[in-house]
Amino acid sequence: MDTTKNILANWTQEIPESEIRRLLKSKAKYYLAAGLPGNLPTKIFPQILRELADYYDADEKNVINEFQYGPTAGITGLRKVLAERIHQRDGAGIISGAEEWEKVMITTGSQQAIYLALDILINPGDIVVTPSPAYLGFITTVVKVGGHAVTAPTDNEGLIPEYVEDTIIKSEKEFGRKVKILYVVEDSDNPKGTTLSFKRRQQLFNIAEEHDVIVMCDAAYKEIQFEQRIPTMKTLDKDNNRVIYTSSSSKEAAPLRIGYSIMPDMLLSQAEKSKGYLDLCTPTLTQRVAEIYYDKYIDEQLPIIVKKYKERKDAAFNALIETFPDGDYTNPTGGFFIWWQPKGEKAYTFDVNKFNQEVLSPNEVLVVPGKAFYPPHGHSYDPEARKIVPLKVINGGMRIGYSFLQKDMIDIGVRKLGKLLHENLEKS
Ligand SMILES: Cc1ncc(COP(=O)(O)O)c(C=O)c1O
């Protein structure tokens, strides 16, 4: 065999290991780099497993029927329960309820739905517009399947519609091909924690219609909302031909790895075909656990979980306000993350990677550096120059995760971070 490097596919050389996966191997007492759920219905899952065990014990036929490969798009019971939940949760017009269960596709995490959608839509060089910064599991996958990522600026409310439209127009001109996908995380984005107003959702949907761009609307944090939910832009997609809507059980029921999506019919059948080649089906046993959880327990469990996340967010936010140097930061209304970046040029030049390794880590603190939320290559829209420029990375930004640690630990960790920023930012 030749050297390992020569036998590997090209993308393995192009795409590094995710910074978040790499950081998971590091230990720190004040680990603010995590996106791991720290509040789970720990008492409920064993109860559901016991219920299922009784059901399987009662009749061998139950075992034979269910301990099987399942349909690629998911088991009917779970699809019905989730169709009803999406109907109740996400605003009128997205789906009429359990009777439209065939519109819901189950995937192994919503990450798989992202992969499937990109897999069936992207040809080499196709342009995908993403927020700057954006969920790395999306942007890196864009590059992996051969797409060309162009980042559009965000503020404390997320994507800025006017700039998104200009990004589409200027990218099409610059690269001589149509923009195919616009990626949006409406509620509590990862990494910034921003939530789009309904007005912006409407504007972004109209821009996508106008320029014939498919929207990938990622609702991963839809269940973890501290305030009343804003209807999703998928409700505007009356003909179900513009928006791919993906959501997840992961943030409140992590071990199940259940993602669920609604997408235009033609894309749904292609995504199902692609999934067939990826994993044949999502494990049927976890789908059964999810079916029972969403049918019987989520309404009672979710408020308890969300309240704890809100307390953790408050602890992180208050500590940040009291101890950080001057900068731009978000105050999330849901999800797992706060974003902070220095003012002015330092937003681009302060090296948080280095700061993590040389300063934070020896002090038992870790965050995720802004650079992790950019593709290995691509372009950006520059709002001052109003043109497409080489990739512009907010190196000085950092994602502060409050989902995993207890609130007193978050308080100490974020205060330490503030103090270390004060000591190091100016001299960097
Ligand atoms: C914005 C966003 N989308 C999708 C995912 C994938 O989630 P999962 O595969 O666990 O459903 C994540 C996970 O962190 C995320 O933050």
Side-chain angles (χ1 to χ4, degrees), residues 18-24 32-40 74 78 82 85-86 104-119 128 130-142 144 149 151 154 158-159 181-196 215-225 232-234 243-263 271 275 278-279 282-283 286-287 289-290 293-294 309 330 332 334-339 368 372-375 399-404:
S18 125
E19 182 62 12
I20 294 177
R21 290 185 66 81
R22 203 183 63 74
L23 283 172
L24 271 175
L32 302 167
L36 302 175
N39 296 307
L40 292 165
L78 176 60
L82 287 174
R85 173 135 197 99
I86 298 168
V104 178
M105 180 179 182
I106 306 299
T107 49
T108 308
S110 60
Q111 183 63 33
Q112 189 183 51
I114 288 174
Y115 196 96
L116 296 177
L118 293 171
D119 188 40
V128 179
T130 76
S132 164
Y135 168 52
L136 67 88
F138 181 81
I139 38 167
T140 314
T141 308
V142 168
K144 181 177 180 297
T151 71
T154 57
L159 280 167
I181 296 174
L182 166 65
Y183 177 61
V184 180
V185 183
E186 298 171 318
D187 305 281
S188 318
D189 198 356
N190 176 2
K192 278 186 85 172
T194 54
T195 291
L196 288 167
V215 181
M216 278 200 61
C217 178
D218 178 341
Y221 296 91
K222 197 78 178 186
E223 296 291 6
I224 313 298
Q225 294 301 302
T232 165
M233 67 201 294
K234 181 68 185 161
V243 180
I244 296 173
Y245 178 80
T246 63
S247 194
S248 179
S249 70
S250 291
K251 309 308 164 189
E252 86 289 350
L256 304 180
R257 300 298 299 136
I258 300 293
Y260 46 100
S261 353
I262 299 179
M263 51 181 101
K275 178 171 162 62
L278 266 186
D279 70 356
T282 297
T286 58
Q287 290 189 66
V289 177
Y293 177 66
Y294 280 97
Y309 282 127
T330 54
F336 288 180
F337 312 112
I338 292 177
W339 178 264
V368 184
F373 305 99
Y374 288 84
R399 189 185 83 174
I400 302 165
Y402 54 77
S403 61
F404 192 62

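Counting starts at 1 for both ligands and their atoms, following the listed order. Numbering of residues begins at 1 and proceeds along the displayed sequence.
- Between the side chain of S249 and the main chain of I258, a donor-acceptor pair closer than 3.5 Å is present.
- Between Y221 and ligand 1 there is a heavy-atom distance shorter than 4.0 Å.
- Nearest protein heavy-atom neighbour of atom 7 (O) of ligand 1: S110 OG, 3.3 Å.
- Looking at heavy atoms from C-beta onward, T282 lies in side-chain contact with K275 at the 4.5 angstrom threshold.
- For the residue pair S403/K251, the side-chain donor-acceptor check at 3.5 Å is not satisfied.
- Looking only at distances, no side-chain donor or acceptor of T194 sits under 3.5 Å from a matching main-chain atom of D189.
- Contacts between A220 and ligand 1, counted as non-hydrogen atom pairs separated by less than 4.0 Å, involve the side chain only.
- Contacts with ligand 1 closer than 4.0 Å are made by side-chain heavy atoms of K251 only, the backbone lying farther away.
- Salt bridge present: R85 and E223 bring a charged side-chain N and a carboxylate O closer than 4.0 Å.
- The closest approach between a heavy atom of R257 and any atom of ligand 1 is below 4.0 Å.
- Protein heavy atom closest to atom 1 (C) of ligand 1, with residue, atom name and distance, is D218 OD2, 3.4 Å.
- Remark: ligand 1 and Q112 share no N or O pair separated by less than 3.5 Å (distance only, no angle test).
- Looking at E252 and Y309, their side chains never bring a donor and an acceptor atom within 3.5 Å of each other.
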